[in-house]
**Q** 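Mind having a look at this structure? Questions to follow.
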Amino acid sequence: MESLKLPQSLFSSHGGKAIVPLPTSSLLPKSTFLIYPNRKLALSTDFVTTATVALLSANMFPCRHCVVKQIRSMQFTTRSISASVQSTVDELMEGKSKDLPVSGDSIRRRFIDFYASRGHKVLPSASLVPDDPTVLLTIAGMLQFKPIFLGQVPRQVPRATTAQRCIRTNDVENVGRTSRHHTFFEMLGNFSFGDYFKKEAIRWAWELSTVEFGLPADRLWISVFEDDNEAFEIWHDEMGVPVERIKRMGEDDNFWTSGVTGPCGPCSEIYYDFHPERGYSDTDLNDDTRFIEFYNLVFMEFNKKDDGSLEPLKQKNIDTGLGLERMARILQKVSNNYETDLIYPIMEKTSELAKVPYGLADDHSKLNLKIIGDHLRAIVYLISDGVVPSNIGRGYVVRRLIRRAVRTGRMLGIKGDGQGNLEGAFLPVIAGKVIELSTHINPDVKDRTPRILEELKREELKFVQTLERGEKYLDQMLVEALLSAKASGTVPRLSGKDAFLLYDTYGFPIEITAEVAEERGVSIDMTGFDIEMENQRRQSQAAHSAVKLAMGTSAELTKDVPDTKFLGYETLSATAIVESLIVNGNPVLQVSEGSKVEVLLNRTPFYAESGGQIGDHGFLYVPQGENQHKAVMEIIDVQKSMGNIFVHKGTIREGVLEVGREVEAAVDAKLRQRAKVHHTATHLLQSALKKVIGQETSQAGSLVAFERLRFDFNFHRPLIDDELAEIERLVNKWVGDATPLQTKVMPLADAKGAGAIAMFGEKYGEEVRVVEVPGVSMELCGGTHVSNTSEIRGFKIISEQGIASGIRRIEAVAGDAFIEYVNARDYHMKQLCSTLKVKAEEVTTRVENLLEELRITRNEASTLREKAAVYKASIMATKVISVETSEKFRVLVESMEDTDADSLKKAAEYLIETLEDPAAVILGSCPGADKVSLVAAFTPGVVQLGIQAGKFIGPIAKLCGGGGGGRPNFAQAGGRKPENLSNALEKARSEIISVLSEKAK
């Protein structure tokens, strides 16, 4: 029998890790060889024989989700390879064999190569953090091309192709429940910017699907817009799709709009049919059990005007998107996107930690495994792109995903890190698998591994503590529900609002809440919970779930204005022509003295705000004669608009400025120098940070201003004094080295290859500007810089603080600002020395002594106040009233005038210890203007009746414009309306007497 001899091991399709080690002499039988799903065999053609083909058949893989069951040792004989077998092996290696699934990485590569071979420029994926204020995250492949589609910037290439990372969270509740919903996904796209149009887009989409990927033509269905006869005819007449498999659909399904106004057009979609045996009658392309849409072609050919009418676009565009996960599902022949090799290894790792094999898991466990597999991809790539968990904006998105993953892991039974450390975190373990799979999605992710894992660990452990507090809160809620139901004779029930509070604030899954409540005999108001959930969902979906491409006023005002030529690297003054004047958003031909105006010039020495550096200040002069000016405009800001058009903002100080007039543009040289100094100092600061606290730290934002610099960076803790001192020492050393800066323009790929760091907030073209301080720093940067580090003169950190979870901020000064700061500090120190009558080196000791004296004095005063309050309370005890029921209750409700909160507390503690149980004490005071203090203290005999001080005092405090709470036996509250204290105490007196009388019965 001809046979196949394998090399040392079989390899997975990710990272070349051995699935099963094999001896050098082994026989691979036809039967019972089982591997993980979606893996390719790394076969060496030197060991393949002509009979090998029989082994590589479908019966070789009877179970996609099992480990190797059996390998029988036998002797192979080596044979030469025939041409036909070599062809078969080549197909296997390319993933084109029908017997082996195609990897997700190969699908991505083949898509890109397909369009690259047809003249498309291959462009990288944009960041998940878009440079677009209308959307929170990158939600579509076309987003990075939005300015081109709007005509705001000229196209750099006529056609392009990308594999874009995307995030969408508006359907997060569907993740895992359907076969296709994800928070993170990859959109493969081909784009035409006024180049080819409908016919080519359709032809190539069909060729890609049926030839490149080999999808059976008879399984593909097409949807077109109901009025798009041109697309219908291309699909039918030229591609040969039967009319029975082309569906005309309405505007809601197949007409793409970017907003109320703006570019729009019909679209056409390709669907894969999983069940062609069901025939053509009564087909519904939205039937997820039969069809999946995998390719969408948008024909951007109209502009929608304010009145709703459509006018043809001068430049017709193509915008397409093919879902990588969906195509992988089709080609890998699995039942849902999650079981593809893009996500399954992540679920597999989760299964290992949860000790729940995916193939043996019930439906609920599979759902949870899918949620974690999906969410961890989104979380890792968001953190990699600089998003840090927080309670606002993008940070809130990643925090909610992390918390949902943590909750889901607990539901799967994962404890600690899942590997024996009960105090550890499991998300970093799973994230390691996501990072392992990231090579062809975003290679930068592996470089950011330490920061990603540290952020995940910190966020998970912090949230686990919140979850534990939630468990205690749930227990308290259930006790109250049972007591309330017993008192009222009703069925114990937890309100929907309370259940949602547990879900939203403490991250408690409703399933866990329901399970725990059921064990205690308490039901949940699920209707109320669903209402609260829907309210939150509506608010969440309102936060930018679509890309807006509406034509704005700025586009109209600048559509005929050429880009501004920037001269500011070489000179601080130049002549220019006024191209346009804008006042209050409207174009004008001239402006006079006193008017605020925006000026567009054909060229300028003024730097426009970008990369964190603020715009230049200066003047525009209209010359009249020698040393005379016909008009003067003061410039106080410069911004970029619509690509590379510089908008100079300011006020006409003298004369009249007109469109077409030649002006002299002069930058304020002193302010420009301050900006240059701070910008170069920012680069040095980043290098020093990396040396002192680690290379994994990265920039998260910056501000380069005239008076200071601000630098935000990723780090998990405050910097200690020694670290700050070392950072200052390094920067000042580099300043003293007097190193000349080098500035070069080079291809982006070359710059990155040389190790240049990208500055936060910058967008880069194919050619980039590299600013280098040799031996210290090399960064991609379009800002202005000093020519020699000695120009910085000095550097001083003035503050370091946290601004969000995992984000620190350093503010510093350099150059003239450094000298001004040092002089100001010196002045204040001299004033302090004069006041304290000590030398500068003695100030610290003198202040410490004064603070200690003050502390002692305050403690003595506080002790005296507390003693006075207790004395007043002892006299007040004679005012106790008795509530006669089956048992005698003692009640004291009184005002203690201006007693402070601490003394009021001491008085209440004295009274409750003095009065015989059962007793209730409620005291109030007005310790200051617009200030009310309240305290309630109950003995055990009162608490046992179900009367809790914390709950009792809250409504009383509200009468005084405040609130509060505490323990069942002791609670404090406050308010802002002293004038209501008397009525509030009277209300407290009547309430406590009433409730004691009722409970005692």
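Bear in mind that the values here come from a model prediction, so they are computed numbers and not experimental data.
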**Q** Sequence neighbours excluded, which residues qualify as ring pair (Phe, Tyr, Trp, His ring centres under 6.0 Å) partners of Phe111?
**A**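 Tyr115.
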**Q** Atom CG of residue position Asp363 - does it have more than 12 heavy atoms of other residues, nucleotides or ligands inside 6.0 Å?
**A**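 Counting neighbours around CG of Asp363, 12 or fewer heavy atoms of other residues, nucleotides or ligands fall under 6.0 Å, so no.
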**Q** Using side-chain hydrogen bond (donor to acceptor under 3.5 Å, both in side chains) as the criterion, list what pairs up with Asn286, not counting sequence neighbours.
**A**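 Asn286 satisfies side-chain hydrogen bond (donor to acceptor under 3.5 Å, both in side chains) with no residue once adjacent residues are dropped.
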**Q** Quiz question: by atom type and distance under 3.5 Å, do the side chains of Lys247 and Thr283 form a donor-acceptor pair?
**A**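 Distance-only check passes for Lys247 and Thr283.
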**Q** Over all heavy atoms of both residues, which pair between Gly279 and Arg290 is shortest? Give the atoms and the distance, please.
**A**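 Between these two residues, the closest heavy atoms are O-NH2, 2.8 Å.
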**Q** Taking atom types as modelled and ignoring hydrogens, do the side chains of Arg108 and His440 form a donor-acceptor contact shorter than 3.5 angstrom?
**A**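 No donor-acceptor contact under 3.5 Å links the two side chains.
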**Q** Looking at every heavy atom in both Leu128 and Asp385, which two are closest together, and how far apart are they?
**A**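 It is N-OD2, 2.8 Å.
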**Q** Measure across Cys166 and Met187 and return the closest heavy-atom pair with its distance rounded to 0.1 Å.
**A**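 For Cys166 and Met187, the tightest heavy-atom pair comes out as SG-CB, 4.0 Å.
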**Q** The test is side chain to side chain contact (heavy atoms under 4.5 Å, CB included); show your working for Ile246 and His236 and say whether it passes.
**A** CA-CA 8 Å; Ile246 305 177; His236 177 56; 3.9 Å; yes
**Q** Considering only heavy atoms from C-beta outward, does the side chain of Met249 approach that of Phe225 to under 4.5 Å?
**A**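 The answer is no; the side chains never approach within 4.5 Å.
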**Q** Of all residues at least two apart in sequence or in a different chain, which pass the ring pair (Phe, Tyr, Trp, His ring centres under 6.0 Å) check with Phe184?
**A**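 Testing Phe184 for ring pair (Phe, Tyr, Trp, His ring centres under 6.0 Å), a comparison that skips the adjacent residues, returns Tyr381.
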**Q** Determine which pairs satisfy salt bridge (Lys or Arg N to Asp or Glu O under 4.0 Å) with at least one residue from residues 200-209, sequence neighbours left out, and list them in order.
**A**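 The answer is Arg118-Glu207.
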**Q** Is any side-chain heavy atom of Met300 less than 4.5 Å from a side-chain heavy atom of Asp319?
**A**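 Yes, at least one pair of side-chain atoms sits under 4.5 Å.
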**Q** Could you pull out the closest heavy-atom pair between Thr161 and Gly189, with the gap in Å?
**A**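 Smallest interatomic distance, heavy atoms only, reads OG1-O, 2.9 Å.
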**Q** Heavy atoms only: give me the nearest Ala163-Leu188 pair and the separation to one decimal.
**A**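 Shortest heavy-atom separation between Ala163 and Leu188 comes out as CB-CD2, 3.5 Å.
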**Q** Is atom CG of Asp362 surrounded by more than 12 heavy atoms (other residues, nucleotides or ligands) closer than 6.0 Å?
**A**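 It does: Asp362 CG has more than 12 such atoms within range.
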**Q** Out of Asn229, Asp228, Asp253, Asn254, which residue meets the side chain to side chain donor-acceptor pair (under 3.5 Å) rule with Arg248?
**A**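 For Arg248, the side chain to side chain donor-acceptor pair (under 3.5 Å) test succeeds with only one of Asn229, Asp228, Asp253, Asn254, which is Asn229.
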**Q** Any salt bridge (Lys or Arg N to Asp or Glu O under 4.0 Å) pairs touching residues 233-245, not counting sequence neighbours?
**A**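 Those involving residues 233-245 are Lys199-Glu238.
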**Q** Got a salt bridge between Lys446 and Glu436, using NZ or NE/NH1/NH2 to carboxylate O under 4.0 Å?
**A**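 Salt bridge: no.
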**Q** Could you tell me whether Lys316 sits above the aromatic face of Phe299, with NZ or CZ closer than 6.0 angstrom to the six-membered ring centre and within 45 degrees of the axis?
**A**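 Lys316 over Phe299 ring: no.
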**Q** Got Val224 and Ile222 here, is their nearest side-chain heavy-atom distance under 4.5 Å?
**A**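 A side-chain contact exists here, since the closest heavy-atom pair is under 4.5 Å.
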**Q** Aromatic rings Phe145 and Phe193: how do their planes relate, parallel, tilted or perpendicular, breaks at 30° and 60°?
**A**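 If you compare the ring of Phe145 with that of Phe193, the planes turn out tilted.
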**Q** For the residue pair Arg329 / Ser179, report whether a side-chain donor-acceptor contact shorter than 3.5 Å exists.
**A**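 Looking only at side-chain atoms, Arg329 and Ser179 do form a donor-acceptor pair, the distance falling under 3.5 Å.
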**Q** We want to know whether Ser103 and Asp341 form a side-chain donor-acceptor pair, criterion being a heavy-atom distance below 3.5 angstrom.
**A**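 The answer is no; no qualifying pair exists.
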**Q** Compare every heavy atom of Leu342 with every heavy atom of Leu437, then report the nearest pair and how far apart it is.
**A**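 Here Leu437 and Leu342 meet closest at CD1-O, 4.0 Å.
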**Q** Between Glu293 and Tyr272, is there a side-chain donor-acceptor contact under 3.5 Å, judged purely by atom types and distance?
**A**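 Distance-only check fails for Tyr272 and Glu293.
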**Q** With sequence neighbours excluded, what pairs up with Ser209 under the side chain to side chain contact (heavy atoms under 4.5 Å, CB included) test?
**A**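 Once residues adjacent in sequence are excluded, the partners of Ser209 under the side chain to side chain contact (heavy atoms under 4.5 Å, CB included) criterion are Leu215, Leu220, Ile270, Phe294, Tyr295.
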**Q** Using 4.0 Å as the upper bound for N to carboxylate O, is an ion pair formed by Glu173 and Arg404?
**A**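 Salt bridge flag = yes for Glu173 with Arg404.
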**Q** Distance alone, cut at 3.5 Å: any donor-acceptor contact between the side chains of Asn317 and Arg155?
**A**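 The criterion, which ignores hydrogens and geometry beyond distance, is not satisfied for Arg155 and Asn317.
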**Q** Short question: side chain of Glu325, backbone of Glu186 - any donor-acceptor pair under 3.5 Å?
**A**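 Yes; at least one donor-acceptor contact below 3.5 Å.
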**Q** Does the side chain of Tyr344 come under 3.5 Å of the side chain of Asn337 through a donor N or O and an acceptor N or O?
**A**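 No.
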**Q** Do NZ/NE/NH1/NH2 and the carboxylate oxygens of Asp374 and Lys370 come within less than 4.0 Å?
**A**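 So Asp374 does not pair with Lys370 through a salt bridge.
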